Amino acid sequence: MNAVDVAAVQRVREARRIVRDRASGAIGIDGDGDVVGWLPPLYPEWLGDRSFAEAHGIRFPYATGSMANGIATPRLVVAVARAGMLGFYGAAGLAPHEVEAGVVAIEKALEGRTTGWGANLIHSPAEPELEAKVAELYLRRGVRTVEASAFLQLTPSVVRLAASGLRVEGERIVRPRHVVAKVSRPEVARPFMTPAPAEILAHLRDRGQLTDAEAALASRVPIANDVTVEADSGGHTDNRPLVAILPAILALRDQCEAALGTPGAIRVGAAGGLGTPAAVAAAFALGAAYAMTGSINQAAVESGLSDEGKRMLAQADLADVAMTAAADMFEQGVKLQVLRRGSLFAVRANRLYELYRSHDSLEALPEATRRELEDRILGASIESVWRDTEAFWRDREPAQCDRAASDARHRMALVFRWYLGMSSRWAITGDRTRHADYQIWCGPAMGAFNRWVAGSFLEDVAQRSAAQIARNLLEGAAVVTRAHQLRTCGVAVPPAAFEFRPRKLA
């Protein structure tokens, strides 16, 4: 065994207990009970990049993602913020007035506090006006932190959020708000790590949405100071392993910072697959500035998912997920990852996309296929579904109905998207008649989490508060990190030192 320098520590015989005690420091002993190594305390607050917590006014390098359709409720966001972490409101899929109501509820509960929380802006290529309205809402209400997700390219809305209010204090460019970009591939990450394109800045300046000074400053700083690398996750995902994609994005970050001459300007966090302390510790070991969780928070008591949906998630194992057609980018063939166990949604949604690809209109569907569609998937006649769909789009974006009137294939897509959209609503409301159609976004982290909490108080869904989930993951990550540090120093660390059982933490 290689000895490590020992600094005034007493003789200790209870190796397992001491090795796991990150607060008192970690001590390694040999078979004879002699002290051979010591490391100072390690606290969850010290994981990752401490500037992340400083920038967002929080205690821990941890965030909860913005689960769409309000599943990341104001209640969940407030609970996370009060626990000293960063929570994002699930605004995607909601109408602007619903988004505003959620933001107001968060502001009221936190008594006007602007740190520790944010809201989502999702890329909406089929509804650019909706994206612009939500961005305008965030500017008007002074939302300090915005999570930009599913962006395949920069849009005027996200650039406006990043650039509005930029100013100079001394020699430093100050941001009034933060854009936290969620990405899953280098070509999507790069635009967020570099200054806004000149043509978009000119467009915003010409429309009076940016001043000359704001546009000039925006040309000197990256769009985002925080970039979350999303690996194999629930919802929209490229299914990339974190160990492959995170180092690549970190290297890209270094290149972008070097080109700008601003080292340390961009923090890179990790998301996707983080359902156990070991996974969170691994993310920090890879160089993540912060950890963001998603799927596992849908089963939290503060989540907007129905009780039945939470129960289904609590039964999920590692392989109980599937890729299927996404509602928001259906025509482009974009897929997302959902819970497979207990639901037929994945199979049915993929069937709809198959029909869309192989037919030009609803009228072109063979009679047998039409019956299958109405009886087994839609649960209603095509005509009644279209009436509901048309009414929805007349209120939300009339141009969709105008296009459908002259484009039969687009009309078919809207009808199919009705099912994809409603399936998420059914899972949220807990509609028992549509149990088999529940769309629940879920990645393999959910199964890993369920395995980890089995036999502990967190096995009970009623005990799964977002704060307890987060605290246990972070505490466990600190324990795992400390055990690994001892082992790399040559201490014979018992396997049990890498285990952390959930416990109620204050």
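What you see is a predicted model, and the numbers here were worked out from it, not measured in a lab. Worth knowing before you read on, the calculation uses all heavy atoms, side chains too, and leaves out hydrogens, waters and symmetry mates.
Checking side-chain atoms of Ser456 against main-chain N and O of Val453 turns up a donor-acceptor pair under 3.5 Å. Checking side-chain atoms of Arg185 against main-chain N and O of Glu187 turns up no donor-acceptor pair under 3.5 Å. Counting only distance, with no hydrogens or angles, the side chain of Ser343 and the backbone of Tyr438 share a donor-acceptor pair below 3.5 Å. At least one donor-acceptor pair under 3.5 Å links the side chain of Asn120 to the backbone N or O of Ile122. In this structure a side-chain-to-backbone donor-acceptor pair under 3.5 Å is missing from Thr369 to Leu365. The backbone N or O of Leu313 lies less than 3.5 Å from a partner atom in the side chain of Asn450, making a donor-acceptor pair. A donor-acceptor pair under 3.5 Å links the side-chain atoms of Lys310 to the main chain of Val301, judged by distance alone. Judged by distance alone, the side chain of Ser423 and the main-chain N or O of Leu420 form a donor-acceptor pair under 3.5 Å.
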Side chain to side chain contact (heavy atoms under 4.5 Å, CB included) between Thr276 and Phe449, intermediate numbers included:
CA-CA 6 Å; Thr276 65; Phe449 178 84; 5.6 Å; no
Full working for side chain to side chain contact (heavy atoms under 4.5 Å, CB included) between Leu137 and Val99
CA-CA 9 Å; Leu137 164 63; Val99 176; 3.5 Å; yes
Salt bridge (charged side-chain N to carboxylate O under 4.0 Å, His left out) for Asp317 and Arg341? Distances and angles first, verdict last.
CA-CA 9 Å; Asp317 206 344; Arg341 179 171 180 167; over 6 Å; no
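Looking at heavy atoms from C-beta onward, Tyr138 lies in side-chain contact with Val103 at the 4.5 angstrom threshold. Leu86 has its side chain out of reach of Phe60: every pair of non-hydrogen atoms, C-beta onward, lies at least 4.5 Å apart.
Under the 3.5 Å distance criterion, with hydrogens and angles disregarded, a donor-acceptor pair is assigned to the side chains of Thr293 and Tyr62. No donor-acceptor contact under 3.5 angstrom links the side chains of Asp328 and His123, judged on distance only. Side-chain polar atoms of Asp431 and Thr429 form no donor-acceptor pair below 3.5 angstrom. Side-chain contact check for Asp232 and Gln337: at least one donor-acceptor pair (N or O, by modelled atom type) lies under 3.5 Å. In the model, Glu230 has a side-chain atom that pairs as donor or acceptor with a side-chain atom of Ser233 under 3.5 Å.
A salt bridge links Asp226 with Arg267: the distance from a Lys NZ or Arg NE/NH1/NH2 to an Asp or Glu carboxylate oxygen falls below 4.0 Å. A salt bridge between Glu331 and Arg417 is present, with a side-chain N of the basic residue lying under 4.0 Å from a carboxylate O of the acidic one.
Taking Phe284 as the reference, nothing meets the ring pair (Phe, Tyr, Trp, His ring centres under 6.0 Å) condition, with sequence neighbours excluded. Annotation: side chain to side chain donor-acceptor pair (under 3.5 Å) contacts of Thr155 (sequence neighbours excluded): Glu131. Taking Glu45 as the reference, Arg59 meet the salt bridge (Lys or Arg N to Asp or Glu O under 4.0 Å) condition, with sequence neighbours excluded. For Glu54, there are no salt bridge (Lys or Arg N to Asp or Glu O under 4.0 Å) partners at least two apart in sequence or on another chain. For Tyr89, there are no side chain to side chain donor-acceptor pair (under 3.5 Å) partners, not counting sequence neighbours. Every side chain to side chain donor-acceptor pair (under 3.5 Å) that Arg396 has, sequence neighbours left out, goes to Glu127. Taking the salt bridge (Lys or Arg N to Asp or Glu O under 4.0 Å) definition, one finds that Arg311 meets it with Glu308, sequence neighbours left out. Annotation: salt bridge (Lys or Arg N to Asp or Glu O under 4.0 Å) contacts of Arg240 (sequence neighbours excluded): none. For Thr114, there are no side chain to side chain donor-acceptor pair (under 3.5 Å) partners two or more places apart in sequence or in a different chain.
A side-chain hydrogen bond (donor to acceptor under 3.5 Å, both in side chains) check over residues 242-257, counting only residues at least two apart or in different chains, returns nothing. Sequence neighbours left out, not one pair with a member in residues 462-483 passes ring pair (Phe, Tyr, Trp, His ring centres under 6.0 Å).
The two atoms that bring Met446 and Ala299 nearest to each other are CE-CB, 4.2 Å, heavy atoms only. Listed here is the closest heavy atom pair of Ala109 and Arg82: O-NH2, 3.0 Å.
Of the candidates Leu339, Leu76, Ile71, Ile71 is the only one forming a side-chain contact (heavy atoms from CB on, under 4.5 Å) with Gln298.
Between Phe52 and His56, the angle of the ring planes lies from 30° to 60°, which puts this pair in the tilted group.
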Review item, side-chain donor-acceptor pairs of residues 344-352, under 3.5 Å, at least two apart:
residue	atom	partner	partner atom	Å
Arg348	NE	Arg376	O	3.2
Arg348	NH1	Asp437	OD1	2.7
Arg348	NH2	Arg376	O	3.4
Asn350	OD1	Thr324	OG1	3.3
Asn350	OD1	Ala325	N	3.4
Asn350	OD1	Lys335	NZ	2.9
Asn350	ND2	Met323	O	3.2
Asn350	ND2	Ala346	O	3.3
Arg351	NE	Glu372	OE2	3.0
Arg351	NH1	Glu354	OE2	2.5
Arg351	NH2	Glu372	OE1	3.0

